[in-house]
Amino acid sequence: MPPTPSSSKAKRPLPSPTSNGHRRQHMEVRKKLPVYQFRKEICELVYQNEVVLVVAETGSGKSTQIPQFIYENGKLKNFHKNISSANRKLRLAHTICVTQPRRVAAITVAKRVAEEMGCETGTLVGHRVRFDDSTDIQGRNTSRIIYATDGMLLREATADPLLTRYQCIVLDESHERSLQTDILFGVVKRAMKARTRSKYIDEKNSCSVSEEFEKDKLIQMRMRKKAKELELVPLHVIVMSATLEVETFQSYFPQSKYIKIPGRQFPVQTLFTPDYQEDYIDSALSTALQIHKYEEEGDILIFLPGSEEIENLAGLLRKYLSEESELGRSISSDEKSGEHEIKKRDMVQSIKGMGTDLHSGHGSIVNGVLVCVLYAALPPEQQIFAFQSKPQGCSRKIILSTNIAETSVTLDGIRFVIDSGKCKERDYNSATGMESLTVADVSKAQARQRSGRAGRVSAGMTFRLYPEIAFDTLDETTAPEISRVNLAQVVLQLKGMGIHDPRSFDFLTTPSQQAMLKAFKQLYALEALDDTMELTTYGKEMAKLPLDPTFAHLLLQSPKYECTAEMLTAISMLSAENIFYRPGGSGDSEDSSGLSAKAAAAHKRFTSYEGDIPTMLTVYNCWRKEAIYISSAKGGKKERKRRRMQMEEASRKNSKSSKILHGDWCTRNFISGRALARAHDVRQQLSEICSRETSRNGLGFDVNVSCGDDIVKLLKGASAGLFLQAASRVSNSVEINKSIRKDMQKGITNTGRGRYKTKIGGAEVNLHPTCSLFGRNPPPKCVVYTELLVTKRTYIRGATQIKEEWLAEVAPKFFR
DNA sequence: TAGGGTTTT
């Protein structure tokens, strides 16, 4: 059996659950996993210690097996002998919660474990992710092993900081150091300290003396008292990590014990280039062609930083593969016949039944090689080529991917990895408050992770497009996300949990004080915090919303401007991934350039003169009017089947009307169906929270208040919500006139310029080309925006036109 | 005028 990382467990064909025979079969498979031999040792460690660190490489089976060992061993349950029968009835602290950084992993691993245990998902084993909670279907509290996203457990901790339901928390994939996992570390430690029966050694006690810190100590004492009253059993924590970063975790949990479990990987030979490469695209191209020429079989995975590089290289590969083969053929025939003519023939064949009319370029075979691209912004229909097995007549697959293939998805059959050594990295400058996304060197850990992708099916090879001395200079690990983002939402979240001073929160890696301060300032400006940095009533409302503070404020301002229904839609759409699908590509194939024109034309009908907020409304409203969609957000298999039938029925009924199915509507309009569906789900969740009574932890306002066609109300609402992010056009007349004259000479009539200066901060920014205002002539004098990001230039996105004088009206404290 | 890695509530 090849080693398989956790997230793909459920993809393997499995016998159907429930029968004893099948359970036995599963048992055989389980016994072969490296982790199985350690089951007794693991259980003993967990039983005797409150924190256990498990270091296990890919393919050990840790994610699926360890929670089952703990459950089956049952020793932890013995703690319950000591608790009162009343609490036993409450079923407190019976459950094991395993957190995952990604939704898909939580769902698929839960499914796999349920199959191994011979039950349906949602019974003994369940998953809990946003919009999809299988543990909620058959009455609460049935699941004893819950796989949840770490964000979901974090939300739960807001209402229940003691994590009363759980006896054991397993923090999986800790080495990834995602924002949510990192916060969860502190939250779990807090609950553990309150529930422990032994004295907790607190290494942080001596270093902080702030008043808030004293308040936090008081709260900790109260939590301890409550835990005692509830007779809560001690909380056991298992930290699972794939790489050896034990020291970091051990100094964080000084009382922890640690166990190392071998993984199951085939050996991967690593090759470096002798010198630094000037152009990694060119270098990747020749490496891939050489592998293809000299190596018998095995698929190739190439890691590149972004979609642009990927589409470029894909175009080059297709071109060279067809030409080289032709060239090779003509040279060999040349030797015999002396002919020099290189025949040009169309070598590109479409795979029947796989491609859509739209994007056949992505799934095409060139001389027996399937070149496919993979990045998150690519619609799922386009991504499938990378996952499907090779079609007939195809001997090799070359996949070009971003770091999505590092952790988020698994690809089968990879024997060769080509690593550019580059990735796009998000960073945050707390001095300017600007986020950036730029090409950076990968870390050693990342490079190893990439190499590992070649050793899943058999021994593999990895080709690093940089010299070994360059590898030695790389950072050991990537900086944790918490040190690279705007912390406003983190601070709001911690405040919402009743942590008075987030600066003294027990972080695994404490973010910079400057970044913290910046977040405080932003929240203060939004009036979420008062002069004493205490959460205001308004701040408490903001914390109830699963949104960035900017969007939370935008939504909470909407009732005042009578545009709640509209803002709900706009925020849901803007906080989703890219709604508009723009077929990428180098433009070297006619196919792709024609497609981007088609997409642009399709998008044009949604474009509003006033900018992105009204544009998003138009897309959503058109979709509601023209497409048939039934949400599949909640419910199990049966429920989904029922909904699908409902949708087909609706489609039949609507056959006479102009309504079409969701998928067709999205394809026709070059809209990402997944993003739109998600936006719809987000909208439903937000409006549920908004309309729920305040006594039930809601916000208690009418979500149906609409401004109708009164766009001024909407734009004023946008001004009030986004006043911190306003910018006015740079009107350097000399400069503008010069460029207009130049354009006129070139015959360009569209002389609109989208250059702005932010009202607060005074940064020079540009309208991002994906803004609906991009290209408007003349561009608006003043805009508000939802995002500011530095890539090749400093861009604002989500821009909407406002009137400058409104700012004084909506935020008099800031503008006069 | 010219373009965004990945994730989550």
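So you know, we letter chains A, B, ... as the sequences are listed, proteins then strands, and number each from 1. In what follows, every heavy atom counts, from backbone to side chain, and hydrogens, waters and symmetry copies are set aside.
- For the residue pair Y538(A) / H553(A), a side-chain donor-acceptor distance below 3.5 Å is found, with atom types taken as modelled.
- Here dT9(B) is the nucleotide among dT1(B), dT9(B), dG5(B) with the atom lying nearest to any side-chain atom of R103(A).
- Between F606(A) and F580(A), the two ring planes are tilted [angle within 30° to 60°].
- Listed nucleotides dG5(B), dA2(B), dT8(B) differ in distance to P769(A); the shortest reach to its side chain belongs to dA2(B).
- Residue L437(A) is in base contact, counting any heavy-atom pair closer than 4.0 Å across all strands shown.
- E156(A) comes within 4.0 angstrom of nothing in the nucleic acid, heavy atoms only.
- Between E577(A) atom CD and dT9(B) atom C1' there is a gap of 15 Å when expressed in whole angstrom units.
- Among the atoms of the strands shown, only primed sugar atoms or phosphate atoms (P, OP1, OP2) are found under 4.0 Å from some heavy atom of T402(A).
- Taking atom CG of residue D160(A) and atom P of nucleotide dT9(B), one finds them 18 Å apart after rounding to whole Å.
- One finds no side-chain N or O of T407(A) lying less than 4.0 angstrom from the OP1 or OP2 phosphate oxygen of dT6(B).
- Comparing P546(A) and G306(A) along DNA chain B, the residue whose closest nucleotide (by nearest heavy atom) sits nearer the 5' end is G306(A).
- Listed by chain and residue number, nothing satisfies the side-chain hydrogen bond (donor to acceptor under 3.5 Å, both in side chains) test with E541(A) (two or more places apart in sequence, or in another chain).
- Residue Y375(A) places no side-chain N or O under 4.0 Å from the OP1 or OP2 atom of dT6(B).
- Ranking dT6(B), dG3(B), dG5(B) by closeness to the K424(A) side chain, first place goes to dG5(B).
- For the pair R678(A) CZ and dT8(B) C1', the interatomic distance rounds to 9 Å; values are reported in whole Å.
- If you take CG of L487(A) and P of dT9(B), they are 20 Å apart, rounded to a whole angstrom.
- Using a 4.0 Å heavy-atom cutoff across all strands shown, Q493(A) reaches no nucleic acid atom at all.
- Closest to the side chain of F774(A), from the set dT9(B), dA2(B), dT7(B), is dA2(B).
- Among the heavy atoms of the strands, none lies under 4.0 Å from E425(A).
- Salt bridge status for R177(A) with E481(A): absent, with no side-chain N to carboxylate O gap under 4.0 Å.
- Between I796(A) atom CD1 and dT1(B) atom P the separation is 18 Å, expressed in whole Å.
- Of all non-hydrogen atoms in S420(A) and Y466(A), the two that sit nearest each other are O-CD2, 4.0 Å.
- Within the structure, a side-chain polar atom (N or O) of S307(A) is placed less than 4.0 Å from OP1 or OP2 of dG5(B).
- Mapping V129(A) and R426(A) onto DNA chain B by nearest heavy atom places R426(A) at the nucleotide closer to the 5' end.
- Comparing dT6(B), dA2(B), dT9(B) against the side chain of R155(A) picks out dT9(B) as the nearest.
- Separating the CD atom of E481(A) from the P atom of dT9(B) is a distance of 13 Å, rounded to the nearest angstrom.
- A straight line from CZ of F303(A) to P of dG5(B) spans 15 Å, rounded to a whole angstrom.
- Close to dT6(B), at under 4.0 Å from its OP1 or OP2, lies no side-chain N or O of R102(A).
- We find that CG of L184(A) is positioned 19 Å from P of dT7(B), with the value rounded to whole Å.
- Of all the heavy atoms in P778(A) and R729(A), the pair that sits closest is CB-NH1, 4.1 Å.
- The K792(A) side chain lies nearest to dG3(B) when the options are dT9(B), dT7(B), dG3(B).
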